[in-house]
Every structure is written in structure tokens, then in C-alpha cells.
Amino acid sequence: MAFTKHHALAASLLVSQIAGQSGFATSDRSDDAFSFVQPAEWPILGPYGNSPEVLPSPNTTGHGGWEDAFQRAQAFVDQLTVEEKALMVTGAEGPCVGNIQPIERLGFNGLCLQDGPLSIRYADYASVFSAGVSAACTWDRDILHERGMAMGKEFKGKGAHVALAPVCGALGRSGYAGRNWEGFSPDQYLTGIATAQTIMGFQDAGVQATAKHYIGNEQETQRNPTFAKNGSLTAKDQEAISSNIDDRTMHEAYLWPFANAVKANVASVMCSYQRLNGSYACQNTKAQNGLLKGELGFQGYIMSDWGAVHSGVASMEGGLDMNMPGGLGSYGFTFKDAGSYFGGNVSAAIRNGSIPESRVDDMIHRIMTPYYLFGQDKENYPLVDPSSVPLNTNFGPRSQWDRQDWSAMVGGESSRDVRSNHSALIRKHANAATVLLKNANNALPLKAPRSIAIFGNDAGNPTEGFYNQDNYEFGNLVVGGGSGTGRLTYLDTPLDALKRKAYEDGALLQQWLNNTLIAESDVTDLWIAPEPEVCIVMLKTWAEEADDRESLGFDWNGEAVVNSVAKACGNTVVVTHSAGINLYPFADHPNVTAIIAAHYPGTESGQSMIDTLYGINNPSGKLPYTVAYDGDDYNAPPVTSVGNNTGQYAWQVYFEEGLEIDYRHFDAKNIDVRYEFGFGLSYSTFELSDLSIEPVQTDITSEPEDLPIAPGGNPALWETLYNVSATVTNTGDRDGAQVAQLYVAFPDSAPEGTPVQQLRGFEKPYLCAGESKQVSFEIMRRDLSYWDVVSQQWLIPEGEFKFSVGFSSRDFRVDGAATVVDA
């Protein structure tokens, strides 16, 4: 999708040539909304996004339970010199991926910020948990919280104060986006729940969580500007891509999970690399001051992504509170000769009046309040594990940054083992996340076959090490690349686990791990006769930061591997380890009897696979996205080229699909899919009955009560209006869990572009064979509201809502209706 495609779109988007006063034709209040304008000085470039200015940046008050910690933060700031204030808001070279320098005269030991969303990246003797996409497959609130808390304990054990996790942006607008696996789901409701539970887990463990990347960070291509070839760190040939998002889509889709994060009292939000409606996200006043700190009442601090700052005063005025990692240039740039937009420029700006000192004070209030809230000033809070220092490759050799005495931050026992019993948790989480996509003729669970063959380069041990982001041709893939990766201390591979099981059962096991050999061979020439009772094919799909996926197929000729094996083997079971969406063209092959999607399960990859194959685990995972028949069926590919347009502002992406991403798109266009959102099989069978829709409040109005803003926004939006319940029964002969999913269809009076149906609740009861349990869904006001761009308010539409409960977005078992607001 090139920029030039949208050139003709200008007329439909433009209402005015005046910056900040144009928008979609439905809005007459666009001074408060996101808007699109085409500045007159750029007539050739087509529509250019613009965000209205929202100043000043709101001050934090500690509202929402942070008041005592806020008072301590105020007392701390009152003691700082102007130079120390500049240090407090500017990252520095140091032992962690991000560092705020100690101020020892005040007893402040500094802040250690560490990646990432599934592991503490720069550490030894730490666990690699399942990825966000796998966690989303569990559809289990308790596991999501448990996973966050276990990670939080490891971060704290290694001396980190701030975890750069979880990820709720990229939301997943495009299935090709390189970092979707770090996040949860393209459904904002599911991602919102997963984000909040993860945050509460981290922070219950005493570590500050960071919701990232705010906002519209939906592709990796051109996420950063192209810098001038003269080596300048400020001159740019082309700016980063601009995510141009209309007001309603912003509120109902991309802002939604961040509202959950703020409601969960997240300590920090990381602003993203790309531009947003024309302005870099880390200085976008509407997004940061207007929406996050204003509308949502965010009390914490906004930190930049690494190298995402492109101004000093403008970023501070725009709501940015912490510049990371502190120097100029893109992520990974060495500090040695680099200055900073912050640093000494902050103290200079205060002294010359460019920025009010009160604004800098608020930045530090926001930074220090969660520090005190989580007791990170206590003497017993761990210092940074010294072993993390040489593992930190972000700044190159330590000699380049060892100009500051970091002894106040680094110390204690080296190579502390923080893994505890987490291997058992990782196995449990991987089992709950395993999605069974096909099980023809009850091919699974396996019944102690005596002859087994395993195929594919995903089965065995990695040949290039456990921390490799260049060549994963050979080896089990359980994590993607970039800052969201993890450093494996061990890996239980599928081949290792299958060897143990074959030995236990006295089975014959044969293996072929070279995809090229398998794809180009008649496999009957490879194995020992007779034909194996089961052939297990292991496929994988790599994804990483800074790159978008080129296809939705499997890597290393995976489809050909399956076809080669299935041609000869009548019982072919396919197991995939993948970053997210794949196409399954072999799903209809009669000899492919079962398909398992395991995504990125963490260190217990092998044993969790065996658990499902042999029925120790009854699979209960559900897809957090839609699997189409064809890659062209998806409607929002990344912008990967602007053709011959070399203009500075050429890179633009228009979120013209609005709310219709993933299943909402397939529903709106009535497109058949291979596996729908929320789909996943079990070894048992389940039914739903007894739907009940009960109002909690009477005389419900369309517009919410205008209450004082609290973390998460207007508290009225979080009030429960209805309780919906149903009974789930395990009608099979195996114990297991099932996810009951509630979808809501809005009345016809809702504005054009409202999705056909939207997820608004899920529960995952565990049921013994024959057992029944009631599940309940609390429906809040915001669940039944749309964002009205005219009144700039959440409104409940008049008319009848349809409530459907089922086991996927296209498998409803019970439904009912209710009129929420009378005409």
C-alpha cells in the first residue's frame, strides 16, 4: 500500500486548510479531535495528518491512591538543584538498558530500566516466559496476572526498578507487523484485559510496569526517520511514517487498552517512534497531554522509546517526562560523541525561560511517585546484579560509559538465580496457551504409538546459540528478536521431550531436521519401514523488531515440508511455533490429521508439546486473531514503499479501515475464514445454556455522568450496567477448560463503521467431565458506548443490543437482547 494510493483521498478527508480545524465530515468539534489536513505549502504530498495543540501538560496530583507517595516525591524534588533536575529526566549510559543516575547526597540510588515483555533481557539465570501472543491464547485472567507477577519477581531480584512491559501497541492492525508477538491481540478488549492483568502482576511484585508503545505504532517499516547521509543525527532526508488515525478509531481501538493500563495504575507509558497525525508521538500534545494525561487521568510518567525524541522544549511541553536512553540518534547508537535534546539543555531551558521549572518539577514528580509507591527507596530493594553489566550490549564495551560511579546502583551477589519454580509456571502457561486447530478422527491425543517420526528444523536444539537474532534455520524457536527477546538459560526442545517420551514408552523414534532435505525427498526413502504410526512435523515463523514480515507463510519452506511428509504419511501432525498469524494451506490435506499452534511458549516448549500430544494437557487455548484463507483477505498491510516519492513527509499510512481490523473486518465484509477469532478445539465437548441478561442500574442515560477524572478516565465509564450469565457444561468424557466468549452487536442507531459484533467478555472455567458451571460477564458502560466525534463524549446508542455467548466469534450457542437506553 503505497502513499500515492491515498493522493486521491484528500478530497474526502479535507474539510479545511487550517491546521487543527479540519477533520472527518462528521465532526464539528474537531478542535478537540484528531484531524487530517493538507497544509497549503505541501500541495503535492496529498493528505498530511495533523494533531491539534493541547497545552500545557497537566500536572500529576497522585490521585487514585498515590497521594502519600506523591507528597514524598514533592519533598524530593524540592531538594534538587537545576542540574540534578536535568539528570532526573535524562537517561544516561549505565548498567541497564535504561538508566537514571544516582543522586547519592539524597540517598537516591538511581533507576534501572530493563527489557522486556517476556524476560529480563540483559540477565543470566533468568527465565524466558511465553510471549504476549501466547499469553493471549490462554484467555485466562489468572494466568495473565500470574505470568506478570512471576516476571516482576525476577526483574526485582535482578535489581530492576522498571520493566519495559507489557506491549499493547502494536495492537495488531496488520498481521504482517514485526512486533505483534510481543503484544497480545488485535482485539482491543482482549488486549486491554491482558495488559491490565500483566501490569497488576508486575506491580504487585514491586516493579514498575511500562505500557508501550503509545500510540499507533502498527508497523516497523520506516518507524524511524531516514537520516541525512552526511552523518548528522538531526538532519533527516525523510521523516518516520505518520500513522493517521481518526478520532473515533483512536478512542475505540488504539486508546482502549491504554485506558485499561491507566485504570490499573501503570507507573509508566512509553511513547512510540513514529509520527502520529503528522507530529512525532513523543511530542504529540494531543495524544500525551490531551488524551493520556487529560482524558485518561494518567498519573505516572511518559518515557520515550529509545531514540524516539526529536526535540527538547517541544517534547517537554508535549508531555514527555523522561528521555531514553538520553543521547541523540536511533536505538543502539553509542553515546560516546552524542549530545542530547534533554540533559544540559533542560537546565539551560529553565534558566533562559524556554520551559517553566514547574513543568520539569512535574516530570520528576511523575517519575518519583511510583518509585516511592512500590518501596523502591527501601534499603532491602536489590541492587543491580553485577553480572547484567557485561551482558548489556546496548552501549558497547563498559569502558565507553564508565565515566560515572554506578556503585550506588550496582552491587550485591553476582549472577543471582531468580528463576525459582518458574519452569513449572512456564509449562503450565504454555499448556493453557496451546491451540488445537484440527483433530480429524480424534488423531490426538496419541495412544502410545510404537513408531514415531519427527520432521522439521524447528524440532531440535538451536545450532547458533540460545541468544541469536541472525540465523534460526536450525533449532526450536520460542521467542522473536529485538528488544522483546529473552536470553535462554536452557531450552527443553520438542526433540528432547519426544526422546524422553519414546524411551519411556519403548517406541522407535526417527528424526529428520533439514527442511531442504525433507522438502526435496521422497520421505519413504528416509525412514525405516514400515510407515511410522505418527509423523510429527515442526514448523516455525520468525519475527523481530525493526522488520515487518514479508509473508504469512511458514519459514524455511515449511509448507513444502508438510506436503512432502503428508504425501507419504497417513497420520501427519503439524506443530507450529510462530510469531502470530500464519496461513494453513495444508489444513485440508486428508493426511494432515491434526494441527497445533504453540506460538512462542518459552523454555518449556518441548514438554508442553508432549503434554498436549499425549493428552496430559487437554488443550484449551483460543486464537487471539483470525486465520484467513488468503493473505490478501487481510485489509491493513504495512506501508513498505512510497515509490519514487522522495519528499520529506512521503511516508504516510491512513487507518482508513477504522474499527474494522481482524475479525471485525471479516465480519463486515462477510468473508469466509479458515479459523475464526477465538477458535480452538478441545479433547472434550462443551455446551452453553441458560443465558441471562440482567440490568444492574435503572434509568440508564445515553451520556455518562460527568464525574471528576480518575485514572482510566471518567469513572462512570467503568460502572457495571448489566450482568450477563450463562451455564457452561462439559458434555464430554475428559476434564478440561473452555472459554465462554460474550460478543455484543450494537443497535442500528450506532454510527456507520460500528463493527458487526465486538468481544465484551470472556471467562475460562475448568470443568470435570459432566460438570456445569455458571459464568458471568460484567458489562460496563464503555462496553456499550461509542465515541461520538461531535459531542466528544462516549454515548450509548438507542435501540436493542444483541448479546451472544459462544466458543468463538462465529460459534454462538445462546443469545438474547436488551434495550439499554429507551428512546
Side-chain angles (χ1 to χ4, degrees), residues 56-80 84-85 88-89 100 103 106-111 113 145 148-149 152 156 161-163 195-211 214 258-270 288-303 316 319-322 356-381 704-719:
S57 183
N59 288 339
T60 184
T61 62
H63 184 55
W66 292 15
E67 290 84 358
D68 291 344
F70 173 59
Q71 290 180 5
R72 295 190 63 193
Q74 286 179 304
F76 175 82
V77 173
D78 287 346
Q79 302 176 71
L80 295 174
E84 288 169 337
K85 290 179 180 181
M88 286 296 303
V89 300
I100 295 296
I103 301 177
L106 298 180
F108 173 62
N109 290 341
L111 292 177
L113 293 72
H145 181 274
M149 176 173 268
K156 182 176 180 179
H161 302 91
V162 183
T195 298
Q197 291 297 325
T198 305
I199 288 166
M200 289 187 287
F202 267 109
Q203 297 191 164
D204 285 347
V207 172
Q208 301 178 41
T210 306
Y214 186 78
F258 284 99
N260 286 84
V262 176
K263 184 73 165 59
N265 273 326
V266 68
S268 177
V269 170
M270 181 188 290
Q288 297 187 143
N289 294 338
L291 295 182
L292 188 58
K293 293 182 176 179
E295 193 174 307
L296 296 184
F298 176 52
Q299 297 295 302
Y301 56 99
I302 301 175
M303 76 168 76
M316 288 186 280
L320 182 66
D321 301 304
M322 180 188 288
E357 188 169 359
S358 59
R359 168 67 191 115
V360 179
D361 288 349
D362 179 66
M363 294 160 69
I364 308 171
H365 291 154
R366 290 177 173 272
I367 292 167
M368 291 301 293
T369 297
Y371 174 78
Y372 289 120
L373 181 71
F374 298 122
Q376 295 179 338
D377 61 314
K378 305 298 184 185
E379 289 186 2
N380 63 353
Y381 197 90
E705 183 181 357
D706 188 14
L707 299 177
I709 296 296
N714 183 347
L717 296 173
W718 300 89
E719 294 176 352

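These numbers come from the heavy atoms of this one structure, side chains and all, not from hydrogens, waters or symmetry mates.
- The line from CD of Q208 to CG of L373 is 8.5 Å long, rounded to the nearest 0.5 Å.
- Looking at heavy atoms from C-beta onward, F108 lies out of side-chain contact with Q79 at the 4.5 angstrom threshold.
- Counting heavy atoms from C-beta on, the side chains of I709 and H63 never come closer than 4.5 Å.
- Listed by chain and residue number, Y214, V262, V269, L296, F298, I302 satisfy the side chain to side chain contact (heavy atoms under 4.5 Å, CB included) test with L292 (two or more places apart in sequence, or in another chain).
- Scored by the side chain to side chain donor-acceptor pair (under 3.5 Å) test, D362 finds R359, R366 as partners (sequence neighbours excluded).
- Counting all heavy atoms, side chain and backbone alike, T369 lies closest to W66 at CG2-CE3, 3.7 Å.
- A search for side chain to side chain donor-acceptor pair (under 3.5 Å) contacts involving T60 returns Q299, not counting sequence neighbours.
- You'll find the ring centres of Y381 and H161 inside the 6.0 Å limit.
- Pairing each heavy atom of A261 with each of T195, the nearest pair is CB-CG2, 3.9 Å.
- Contact between D321 and I367 at its shortest, heavy atoms only, is O-CD1, 3.6 Å.
- Distance CG/D361 to NZ/K85: 3.5 Å, rounded to 0.5 Å.
- S268 meets the side chain to side chain contact (heavy atoms under 4.5 Å, CB included) test with T210, Y301, M303; sequence neighbours excluded.
- Between V266 and A211, the closest heavy-atom pair is CG2-N, 3.8 Å.
- Looking at residues two or more places apart in sequence or on another chain, you find no salt bridge (charged side-chain N to carboxylate O under 4.0 Å, His left out) involving E705.
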Using atom types as modelled, flag every donor-acceptor pair under 3.5 Å from a side chain in residues 196-206 to any protein atom, sequence neighbours excluded.
| unit_1 | atom_1 | unit_2 | atom_2 | d |
| --- | --- | --- | --- | --- |
| T198 | OG1 | A194 | O | 2.7 |
| Q203 | OE1 | A209 | N | 3.2 |
| Q203 | OE1 | A267 | N | 3.0 |
| Q203 | NE2 | N265 | O | 2.9 |
| D204 | OD2 | H145 | NE2 | 2.8 |

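- Taking every heavy atom of both residues into account, P704 and A716 meet most closely at CB-CB, 3.9 Å.
- With sequence neighbours left out, N714 forms a side chain to side chain donor-acceptor pair (under 3.5 Å) with no residue at all.
- Listed by first and then second residue, the side chain to side chain donor-acceptor pair (under 3.5 Å) pairs involving residues 67-78 are R72-D377 (not counting sequence neighbours).
- K263 meets the side chain to side chain donor-acceptor pair (under 3.5 Å) test with no other residue; sequence neighbours excluded.
- Going from atom CG of N59 over to atom NE2 of H365 covers 8.5 Å, rounded to the nearest 0.5 Å.
- With sequence neighbours left out, the ring-ring contact (aromatic ring centres under 6.0 Å, His included) criterion links Y372 to no other residue.
- Considering CE of M270 and CG of L113, their distance stands at 8.0 Å, rounded to 0.5 Å.
- The two residues G319 and S57 make their nearest non-hydrogen contact at CA-OG, 3.6 Å.
- Applying the salt bridge (charged side-chain N to carboxylate O under 4.0 Å, His left out) rule to E84 yields the partners R105; only residues at least two apart in sequence or on another chain are considered.
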